[in-house]
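In what follows, a structure is listed as structure tokens, so that the remarks can point back to it.
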Amino acid sequence: MSNIVPPLAGVVGWPISHSKSPALHGHWLKRYGLAGEYRAIALSPDEFETGLRKLSKKGFKGVNVTIPHKETVLKIADSITDRAALIGAANTIHFHADGSIGADNTDGYGFIQNLYQNAPLWNPKSGSALVVGAGGAARAIVWALLNEGAPIVRLANRTRIRAEILGNHFGAKVEVVEWSEISEAMEGAATIVNTTSLGMKGQPELRVHFNAALPEALVTDIVYTPLNTPFLEKAQARGLDTVDGLGMLLHQAVPGFESWFGQKPEVDDELRKAVLNA
Ligand code: ATR
């Protein structure tokens, strides 16, 4: 008699109750009629490694990892993809049949796919990129833009030293610019990105103007609460094309879902609604 266990996956964080990932993967499981489960799992930093190995032994195919484990998981992993190593963090973990743990980072992939899906004319090679912020999200986005052929990435951060550290990590194609010169640094940019939490509900907005931006510049934000941030509104008022940040979250989930549940899922309006209402 066959004993087929439905695939198990989940998201590990601390805390975890805010995570949108269970709604996201849950929507796809239902939509494709797949047997399988995607759970939210709270593991504190102290119990992270033993907890992760337990999930592997219990038959989980893999997990997403979120705050605060995205960097520490690289110390535990037996294999790390090139992109996760370059970004210095992982968000997608695979438990292999031999008990080994593989770490990947799909945040940069999600960022790029979101732009191609929602701005089909966007060409990252056609001009520089301007990235505002130098935190964890910025690392994935700078990697992704360089990997996609951006000739230069300008980087501005309130705390300049963090931008310099990130710039040194990625090399000569990254130019650090002053926090007070963000608006001027938009000149010639094909891509303009906010990776800070500024503009999020309850936070102050990012005070910039888009006077120097090219008419064909694409403007995007990783903040998606609200979907249309003040940063994107200002860009729209100048007639620029914008893409909101929700799609990055949706697209980063695709490779994990496909690997764990055996179906490449679509990112569409139904999914957006399901995640926004979660
Ligand atoms: P994440 O991993 O989500 O990117 P992070 O590592 O905490 O989070 O980074 C947050 C980013 O938002 C940083 O670039 C941070 O700037 P600093 O390095 O100067 O802290 C930026 N940020 C957060 N609040 C800010 C504020 N009030 N003004 C300017 N930048 C801010």
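Keep in mind that the numbers below use all heavy atoms, side chains included, and drop hydrogens, waters and symmetry copies. Each ligand, and each atom within it, is numbered from 1 in the order the structure gives.
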Got a sec: does the NZ of Lys61 have more than 12 other heavy atoms crowding it under 6.0 Å?
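Not more than 12 within 6.0 Å, no.
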Atom 30 (N) of ligand 1 protein-contacted, heavy-atom criterion under 4.0 angstrom
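When distances to the protein are checked, atom 30 (N) of ligand 1 has a heavy atom within 4.0 Å.
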Mutual orientation of the aromatic rings belonging to Trp28 and His25 [parallel < 30°, tilted 30-60°, perpendicular > 60°]
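Taking His25 first and then Trp28, their aromatic rings stand perpendicular (interplane angle over 60°).
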If the cut-off is 4.0 Å to any non-hydrogen atom of Gly133, which atoms of ligand 1 fall inside it?
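Listed by number with element, the hits are 14 (O).
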Numbering the atoms of ligand 1 from 1, which are under 4.0 Å from a heavy atom of Ala134?
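In order of number, 14 (O).
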Taking [Y]'s backbone N and O only, do any of them form a donor-acceptor pair with [X]'s side chain (distance below 3.5 Å, no angle check)?
| X | Y | answer |
| --- | --- | --- |
| Asp78 | Ile101 | yes |
| Thr81 | Ala84 | yes |
| Asp221 | Asp244 | no |

Which residue holds the protein heavy atom closest to [atom], what is that atom called, and what is the gap in Å?
| atom | result |
| --- | --- |
| atom 9 (O) of ligand 1 | Gly135 CA, 3.5 Å |
| atom 23 (C) of ligand 1 | Ser197 OG, 3.4 Å |
| atom 15 (C) of ligand 1 | Asn157 OD1, 4.0 Å |
| atom 20 (O) of ligand 1 | Arg158 NH2, 2.8 Å |
| atom 8 (O) of ligand 1 | Gly136 N, 4.4 Å |
| atom 19 (O) of ligand 1 | Thr159 OG1, 2.5 Å |
| atom 7 (O) of ligand 1 | Arg162 NH1, 4.6 Å |

Determine whether the side chain, the backbone, both or neither of Ala137 has a heavy atom under 4.0 Å from any heavy atom of ligand 1.
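Both backbone and side chain.
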Heavy-atom distances under 4.0 Å are what count here, so tell me which part of Thr196 touches ligand 1: side chain, backbone, both or neither.
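Thr196 to ligand 1: contacts from backbone and side chain alike.
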Would you mind checking if Lys234 and Glu205 are paired as a salt bridge, meaning a charged N to carboxylate O distance below 4.0 Å?
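Yes, charged N to carboxylate O under 4.0 Å.
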Within a strict 4.5 Å, meaning less than it, do heavy atoms of the Thr92 and Trp260 side chains meet?
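Yes - at least one pair of side-chain heavy atoms lies under 4.5 Å apart.
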Do Pro204 and Leu198 come within less than 4.5 Å of each other through their side chains, counting heavy atoms only?
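Touching, per the 4.5 Å side-chain cut-off.
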